[in-house]
Amino acid sequence: MGSAAFADSYDGATDDYELPQGFTFYNEVSSDLVEAKGSFYNHKDKDQQYQVEFAGISEKVGISYDSEKFWFELAPKFSLKDNNQHWNQPAGTDYQKTDDALNNDDLSFCWTGLDWGVRFTPFDIVDFVLHHDTWTPGGYLPIVDKHVGGNLTGEGAGLVFKPIDGLRLGLEIPFEATFGGKANYLDAEWEDVRRAEERAAAVAAGQGAKEPTNSNYRFRINAGVDYKLLDMITVGAFIENIINRDARSYGIYANAGISFLDFNLGYTYNGGATQVSFMDWDDSVKVTIGGHHKANLAVAASFGDFTAQLEALMNFFNKQSFYDLYAGLKVGYDLLPGKFNVALAAGVAYDMGNDKGRIRYREQGEANAKLDEPMHNKKGSGAKWEVAAPMVEIQPGLTYTTGKNTFGAKLNLQYWLDGEGSYAASAPLSWKYTF
């Protein structure tokens, strides 16, 4: 019976495959083409002037099934990439000394990701979900395609109750199991032993009887709720790590859709950092907004073939985040409705403590020392930062759809007002085939 069903989906006259009803398959090939960064002036040698790397090629193959009672998706991703990129090598090595890093590629074929999820609805009032995100919409930033918070269920096992129209109640137990062996522990005694060991180690190191401030061993359980009123306004809230107060986070959000306008507004406490840059292939180009108290705002408008989006994310306490304020704008136009779209996006990130773009940091035994390099090149290394250079980013792009094929091309450009003329760039290309 199963073989016959798939056999009937093939039209030999047109050499075209059609999957059974409810199934969707796609194959996406993508590449940033090249990844480049450097500075326009004040560089000490050619290596600071520019560095260029082959960005690799990725392929993502996905299959999904969607019906009234059951949904699943499985989408592994594989990449051909360089494991020894120029800027990831220690200073002074042969890789760093080579002028043209494009000649230094150590390419490998590797597994780089797996998206999957399951949703089962045995009754109209409840969904059973595995590894499936259920977001309340008010925490969404549409330009960077990121949720600041508001996850009713996520990467775990969960239930979504729908007792009345418009109301969703989510309850989730995160898996916390990864290839590295992490787990969501139930045993509180294990936690007590671990904390005692850390306390004893701190005393032995002469640091005093410090109490650990965070725990990966408290049992994790998350919850969320949202309600849609009059088919226009959705209000929602979530709380993660209900039991573990050291790592607890929560938020409240609102979404309103009125005619051609859509609004998102939210507040998140301790929700982790949110990436707001268009590029993330290296720490020096990845820009995030963190902090204990964050507010997000987004407005989207559609006028026929023209669309516009505006969004912002702000951290209220500038000592808790690398950058404190992000704002983005994107406009798009359908030159051929449903087929050919052009768009232009721009974003800025700003540190509220900025001192004319100059960078200062403190390390043990060295206070308030100036650096020759911008702060985005000094992430980590035990350094404490005080200010970071403002970042400006633009992304022109186009999308063309014909039949079951979608082609995309973009250009990512970053520039820092750091006194060095620092920049970064990439050129993403993609082809997605869906049937």
Side-chain angles (χ1 to χ4, degrees), residues 17 19-20 22-32 55-81 108-121 127-137 139-160 168 170 172-184 220 222 224 238 240 271-281 286 288 397 399 401 404-408 410 412 426 428-435:
Y17 284 95
L19 289 175
F23 281 93
T24 301
F25 171 85
Y26 68 86
N27 183 82
E28 183 174 16
V29 180
S30 61
S31 174
D32 280 353
I57 301 173
S58 296
E59 178 166 1
K60 188 174 184 179
V61 181
I63 186 168
S64 65
Y65 175 78
D66 194 5
S67 69
E68 184 179 354
K69 296 292 185 180
F70 183 72
W71 169 91
F72 86 88
E73 180 179 15
L74 181 66
K77 185 177 181 179
F78 308 91
S79 297
L80 179 68
K81 60 186 298 185
S108 65
F109 186 69
C110 53
W111 174 289
T112 53
L114 175 64
D115 293 337
W116 68 276
V118 177
R119 185 190 70 240
F120 174 51
T121 309
D127 293 334
F128 292 90
V129 296
L130 294 174
H131 206 264
H132 175 58
D133 288 318
T134 307
W135 297 99
T136 190
Y140 183 59
L141 299 175
I143 299 175
V144 294
D145 191 23
K146 294 288 190 302
H147 289 268
V148 181
N151 207 352
L152 278 59
T153 65
E155 297 183 356
L159 298 173
V160 179
R168 299 187 301 174
E172 178 202 16
I173 299 174
F175 291 142
E176 279 301 296
T178 68
F179 293 113
K182 291 173 63 179
N184 192 359
R220 293 188 60 194
N222 309 327
F238 86 105
E240 291 184 351
T274 301
Q275 181 185 328
V276 294
S277 56
F278 301 141
M279 295 186 285
D280 63 357
W281 42 265
K286 186 177 180 180
T288 61
T399 304
T401 301
K404 299 175 180 179
N405 300 277
T406 300
F407 301 92
K410 297 176 182 177
N412 294 323
S426 65
L429 302 174
S430 65
W431 165 44
K432 186 175 183 179
Y433 179 79
T434 305
F435 68 89

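Everything numeric in this text was worked out from a predicted model, so none of it was measured. These values consider heavy atoms only, across backbone and side chains, with no hydrogens, waters or symmetry-generated copies.
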Worksheet item: Got a sec, which residues hit salt bridge (charged side-chain N to carboxylate O under 4.0 Å, His left out) with Asp127, two or more places apart in sequence or on another chain?
Response: Lys162

Fill in: Smallest separation among heavy atoms of Ala75 and Tyr26, with atom names
CB-OH, 3.5 Å

Worksheet item: Sequence neighbours excluded, which residues qualify as side chain to side chain donor-acceptor pair (under 3.5 Å) partners of Thr134?
Response: Thr153

Worksheet entry | Heavy-atom closest contact (Thr274 atom, Leu141 atom, distance) | CG2-CD1, 4.5 Å

Worksheet entry | ring-ring contact (aromatic ring centres under 6.0 Å, His included) involving His131 - partner list, sequence neighbours excluded | Trp116

Worksheet entry | Partner set under side-chain contact (heavy atoms from CB on, under 4.5 Å) for Pro137, not counting sequence neighbours | Asp226, Thr234, Asn255

Discussion item. Which residues pass the side chain to side chain donor-acceptor pair (under 3.5 Å) test with Ser58, not counting sequence neighbours?
Written reply: Ser79

Worksheet, complete the sentence: Contacts of Trp431 meeting side chain to side chain donor-acceptor pair (under 3.5 Å) (sequence neighbours excluded), chain-then-number -> Asn405

Worksheet entry | By side-chain contact (heavy atoms from CB on, under 4.5 Å) - contacts of Ala157 (at least two apart) | Leu130, Phe175

Worksheet entry | Non-neighbouring partners of Phe278 that pass ring-ring contact (aromatic ring centres under 6.0 Å, His included), sequence neighbours left out | none

Worksheet item: Does any non-hydrogen side-chain atom of Ser426 lie less than 4.5 Å from one of Trp281?
Response: yes

Worksheet entry | Tyr433-Phe435 aromatic ring centre distance below 6.0 Å | yes

Worksheet item: Do the side chain of Glu172 and the main chain of Gly154 share a donor and acceptor less than 3.5 angstrom apart?
Response: yes

Item to complete: Return the minimal non-hydrogen interatomic distance between Asn27 and Glu59, and the atom names on each side.
Response: OD1-OE2, 2.5 Å

Worksheet item: Do Tyr140 and Val148 have side chains that get closer than 4.5 Å, going by heavy atoms?
Response: no

Worksheet item: Got a sec, which residues hit ring-ring contact (aromatic ring centres under 6.0 Å, His included) with Phe70, two or more places apart in sequence or on another chain?
Response: none

Worksheet entry | Qualifying salt bridge (charged side-chain N to carboxylate O under 4.0 Å, His left out) pairs with a residue from residues 111-121, counting only residues at least two apart or across chains | Lys60-Asp115, Asp66-Arg119

Item to complete: Please say whether more than 12 non-hydrogen atoms of neighbouring residues, nucleotides or ligands are located less than 6.0 Å from NZ in Lys146.
Response: yes

Practice prompt. Write down the atom of Pro174, the atom of Asn222, and the distance for their closest heavy-atom approach.
Written response: CG-ND2, 3.3 Å

Worksheet item: Under 4.5 Å between any side-chain heavy atoms of Phe407 and Lys432, yes or no?
Response: no

Fill in: Asn151: partners by side-chain contact (heavy atoms from CB on, under 4.5 Å), with sequence neighbours left out
Asp133, Trp135

Worksheet item: Between Phe72 and Ser64, is any pair of side-chain heavy atoms under 4.5 Å apart?
Response: no

Worksheet item: Taking the side chain as C-beta and beyond, is there a heavy-atom pair between Glu28 and Ser430 under 4.5 Å?
Response: yes

Discussion item. Can a donor-acceptor pair be found, under 3.5 Å and without considering hydrogens, that links the side chain of Ser31 to the backbone of Gly56?
Written reply: yes

